[in-house]
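Order of the sequence lines sets the chain letters (A, B, ...), proteins ahead of strands, with each chain counted from 1.
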Protein chains: 2
Amino acid sequence: MASLHDVAKLAGVSKSTVSRVVNNEYGVKQATKDKVQKAIDELGYQTNLVAKELKSQKTNLIGVIVPRVASSATSQGVDGLSRVFDNAGKQVLLASTQQSFQKEIEFIRLFNQKRVEGIILYATHLDEELVEVILQSAAPVVLVGQDGSLFNIPSIVHDDFRVGFEAGNRLLSNGCRNIGFIGVASSDIAVDKLRYQGLEQALQFKRKGEPLFHSRGEFTIESGYLQAKQLLAEHANLDGLFCATDRIAIGAVKAIQELGLTAGLDIKVLGVGNDELGSVSSPSISTFNYPFDKAGESAAKLLMDLLSGEPASMSKIVLTFQTIDRETC
Amino acid sequence: MASLHDVAKLAGVSKSTVSRVVNNEYGVKQATKDKVQKAIDELGYQTNLVAKELKSQKTNLIGVIVPRVASSATSQGVDGLSRVFDNAGKQVLLASTQQSFQKEIEFIRLFNQKRVEGIILYATHLDEELVEVILQSAAPVVLVGQDGSLFNIPSIVHDDFRVGFEAGNRLLSNGCRNIGFIGVASSDIAVDKLRYQGLEQALQFKRKGEPLFHSRGEFTIESGYLQAKQLLAEHANLDGLFCATDRIAIGAVKAIQELGLTAGLDIKVLGVGNDELGSVSSPSISTFNYPFDKAGESAAKLLMDLLSGEPASMSKIVLTFQTIDRETC
DNA sequence: TTGAAAGCGCTACCAT
DNA sequence: ATGGTAGCGCTTTCAA
C-alpha cells in the first residue's frame, strides 16, 4: 500500500510537501499541488491513519461495551450515541461481552491499550473489581444503566427507584391490595433492587404493608412466564404484579391467561421500558417509557464534555420516564 | 502515559529487553524479568497498540457498517458476528449510516484509512457508485442482505426470491385468490423486488394470474398500517396479503381489524423475518424465520476465510428459512 | 542474555 | 514555497 514516501518519490517532491497537499495546508504552489495530486491518484494513495494517530497521539476512538446488542436498551442506545459521536468525528469501537462480567474488564483494558479516548459502559452490575478497573482506566468511563456516582464514576441512569414508587402508586390506585414483584439478578441494582425498593416504599407510604414477594429471574419472556406460573400458584390472592421489564411482563401475562384470569382485570400488570413488544402484544402492557436513545445520546455528550477538559459539572444524570397506560393496568 | 522507553530507563535495561518480557519471549533471565516487571507495575505501563499496529502492519480491526443498529436484522447480526470476531481476537469498528447511502461510501473510505482488515456491510441497496467503492476497497468487503455476487462481491443473503415463492404457495393453498404485496423502496432488491418476484412466480406457476398490487412504503408498523388502509379501500376483493416484513404485516393487520375484518380468516396475512413482535402481537403473524444471527456469523466467518488468504471458494451464501405458522395464515 | 539501531508512516519544526 | 530531520512507541534483526 502506497505511502507518503512513494507519492513523494513519484511526484519528485519531499514527503513534507505531499503531507501539505494531503492536509490542504497553506503555502503550496498550484503546480506542485497538481503534480502531487496526480501521483496520489496514480498510486491510489490513502492516508494511513494509524501512523497519523501515533504521531498525533489522537485516535478519535470511543470504546463502547454492551452486554449484548440485541436488546432495545442497548440497540437504541448505540444508535443514539453513535449519532453524537459521528457528528463529532469520532469512531465507535464496539464490544459485546455476552453477559460475561470478566469480559467487561478485559475490554476496558484492551480499549485502553488501543488508546481509545473514552469508554461508554452499559453495565448490569457493579462490583469492587470493576469499579477498581474503571477508576484505573486512563480513558474516562461513562456508565449507563447503573449508578457509579458513589465511586465518582459519571453515570447515566434511569429513575429506577421512582419508577418502582410510581408503579406501586399506580397499582394501589387501581385497587390492588396484594402486590408482587418479579425482578432479575440481585446483582443488578438498577433493574432489580431499586425498582423493588421503590415499590416497597410506595406501599409503606400508603400503609399497605409489604410486597407479597420479590421473585428473581432473567430478562426474557420465557423466564417471566415460568416465574409467574409458579408465583400465581403460591399466591392465590395476588391482584397486582410489577415486573422489572416489559418482556417479563409479557411472559407473566401469558401465565395469567393460562389460568383463565384476565390481566388488567383480575390481576393488574405493569412493566418497565416501553419495549415495542408490549405495545403490540395482547393485552398490551401498561408500562413506563424509558428513553433509551436519549440515554445513549446523553452518555455520549457527557463523555465529550469530559474529553474537552471541562471539569465534570455533574456526577450523574437521572433520566425521567413517562407513564404509558395500556390494557394491563 | 508511560512507554517502553520509560520502563527501560527505570529498570535499567534496553527497550528491546522490555519488549521481550512484555511479549513473553524466550531468552530473558528471570532476574531481569522481575526487574522489568517491577518497573512496569510501578509505572502502570500499558502497551500502546497503535504503535504496535503501525510497526506490525496489523490492526485486528474489522469495520461493520449498518443502516441502523436498532433493528432485529442488524442487532442480532452484530451480536452474531462480534462473537466470531471476538474469538478470533478481532475488534469491531461499528458505524451506523442512519440510512444515508452517502455515508456508506464515506465509512468504507474511512475504514480503509484506519486500515481495517475487512468490512462487513449491511446494505439496503446497491448502486454503481457503491459497487465501485467496494471493488476499490483494499479491505475485502462482505455484503449482508443484498446480493453483490454479480459484481464479484462475496455476499450473505437470505433466500428472498424463494420466500416470495413460498409465500405465494402458502397463500394460494390457504384458499386466497386475490393476493397483494406491500414492499419497501424499489432500490431494495432483496426486500422489495425479489420477494415480489417470487410471489409473482408462484402465482404464474399455478396459473393464478398476477398479484393485485405491488405497493411500497417503509420498514415500519405505521407505514404498513397506512398503506394497507388505502389498499383495502381500493381492493375490496383482497383475500391474501404478503408483506415484505413482519412489522409491515403488523400494521396491515391493524388496518384489517379496523375494517371489522379478521386477519387470518377474511384476509390471510404473511410477513417475513420472524420478528419477535409478530409472535406476541394479536393475532400473531404467520411468517418465515430468517436467521439473522447466523447471517452475522456467516459473514464473519466468510470474511475470516478471505483474510486467511484462501482463494474464495464461494461467491455467495444463501441462507435458508423456516415456515412459521401462526394465526394470520 | 542483552543492547543498538533501523524503520513502520506520519507531522512539525527549522532551514533554505 | 519546499526540503531535511527528528520523533511518536513499538518490533526485529544483527552484534556483542
Side-chain angles (χ1 to χ4, degrees), chain A residues 1-40 43-61 109-117 138-139, chain B residues 1-40 43-61 109-117 138-139:
Chain A
M1 175 138 279
S3 73
L4 265 195
H5 182 233
D6 303 321
V7 177
K9 242 180 7 191
L10 180 60
V13 298
S14 75
K15 290 194 296 174
S16 321
T17 302
V18 179
S19 173
R20 287 187 186 104
V21 348
V22 167
N23 296 300
N24 251 312
E25 276 167 33
Y26 189 76
V28 185
K29 219 170 23 177
Q30 189 60 44
T32 27
K33 255 190 199 166
D34 295 344
K35 223 170 28 178
V36 170
Q37 191 56 54
K38 188 155 158 282
I40 287 179
L43 294 172
Y45 169 77
Q46 300 244 85
T47 307
N48 184 331
L49 285 183
V50 2
K52 190 170 188 162
E53 286 165 6
L54 174 60
K55 173 69 186 175
S56 66
Q57 305 285 64
K58 190 150 191 4
T59 57
N60 286 316
L61 253 195
R109 295 232 167 86
L110 176 65
F111 283 1
N112 270 288
Q113 303 193 140
K114 280 255 178 192
R115 295 299 189 264
V116 299
E117 299 180 353
Chain B
M1 175 139 276
S3 72
L4 265 196
H5 182 100
D6 303 321
V7 177
K9 241 179 10 188
L10 180 60
V13 297
S14 75
K15 290 195 297 174
S16 325
T17 303
V18 179
S19 172
R20 287 186 187 108
V21 349
V22 166
N23 296 301
N24 250 314
E25 275 167 32
Y26 190 78
V28 184
K29 218 168 32 175
Q30 188 59 45
T32 26
K33 254 190 201 165
D34 295 343
K35 227 172 22 183
V36 170
Q37 190 55 54
K38 190 157 156 281
I40 287 178
L43 294 172
Y45 169 77
Q46 301 243 85
T47 308
N48 184 331
L49 285 183
V50 1
K52 190 170 189 162
E53 285 164 8
L54 174 60
K55 176 66 187 177
S56 66
Q57 305 284 65
K58 191 157 193 353
T59 58
N60 286 315
L61 253 196
R109 296 231 168 87
L110 176 65
F111 284 0
N112 270 288
Q113 304 194 140
K114 279 253 178 193
R115 295 298 189 263
V116 300
E117 299 180 354

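Rounded to 10°, the angle separating the first-five-pair axis and the last-five-pair axis of the helix from dT1(C)-dA16(D) to dT16(C)-dA1(D) equals 50°.
Backbone-only contact: Val13(A) has heavy atoms under 4.0 Å from sugar-phosphate atoms and none from a base. Looking at heavy-atom distances under 4.0 Å, Ser56(B) makes no contact with the nucleic acid at all. At a threshold of 4.0 angstrom between heavy atoms, the contacts of Ser16(A) include nucleobase atoms, whether or not backbone atoms are also involved.
Residue Ser19(B) has no polar side-chain atom (N or O) positioned under 4.0 Å from OP1 or OP2 of dC10(D). Taking 4.0 angstrom as the limit, Asn23(A) places a side-chain polar atom (N or O) nearer than this to OP1 or OP2 of dT11(C). Residue Thr47(A) places none of its side-chain N or O atoms closer than 4.0 Å to OP1 or OP2 of dG9(C). The side chain of Ser14(A) places no N or O atom within less than 4.0 Å of a non-bridging phosphate oxygen (OP1 or OP2) of dT2(D). Taking side-chain N and O atoms only, Tyr26(A) has no distance below 4.0 Å to OP1 or OP2 of dT2(D).
For Glu117(A), the side chain to side chain contact (heavy atoms under 4.5 Å, CB included) criterion is met by Lys58(A), Thr59(A), Asn60(A), Ile62(A), Lys90(A), Leu307(A), not counting sequence neighbours.
A donor and an acceptor atom sit less than 3.5 Å apart, one in the side chain of Arg20(B) and one in the base of dG3(C).
Taking atom NE2 on His5(B) and atom P on dG3(C), their separation rounds to 13 Å, with Å as the unit.
Summarising the geometry, atom NZ belonging to Lys35(B) is positioned 7.0 Å from atom NZ belonging to Lys29(B); distances are rounded to the nearest 0.5 Å.
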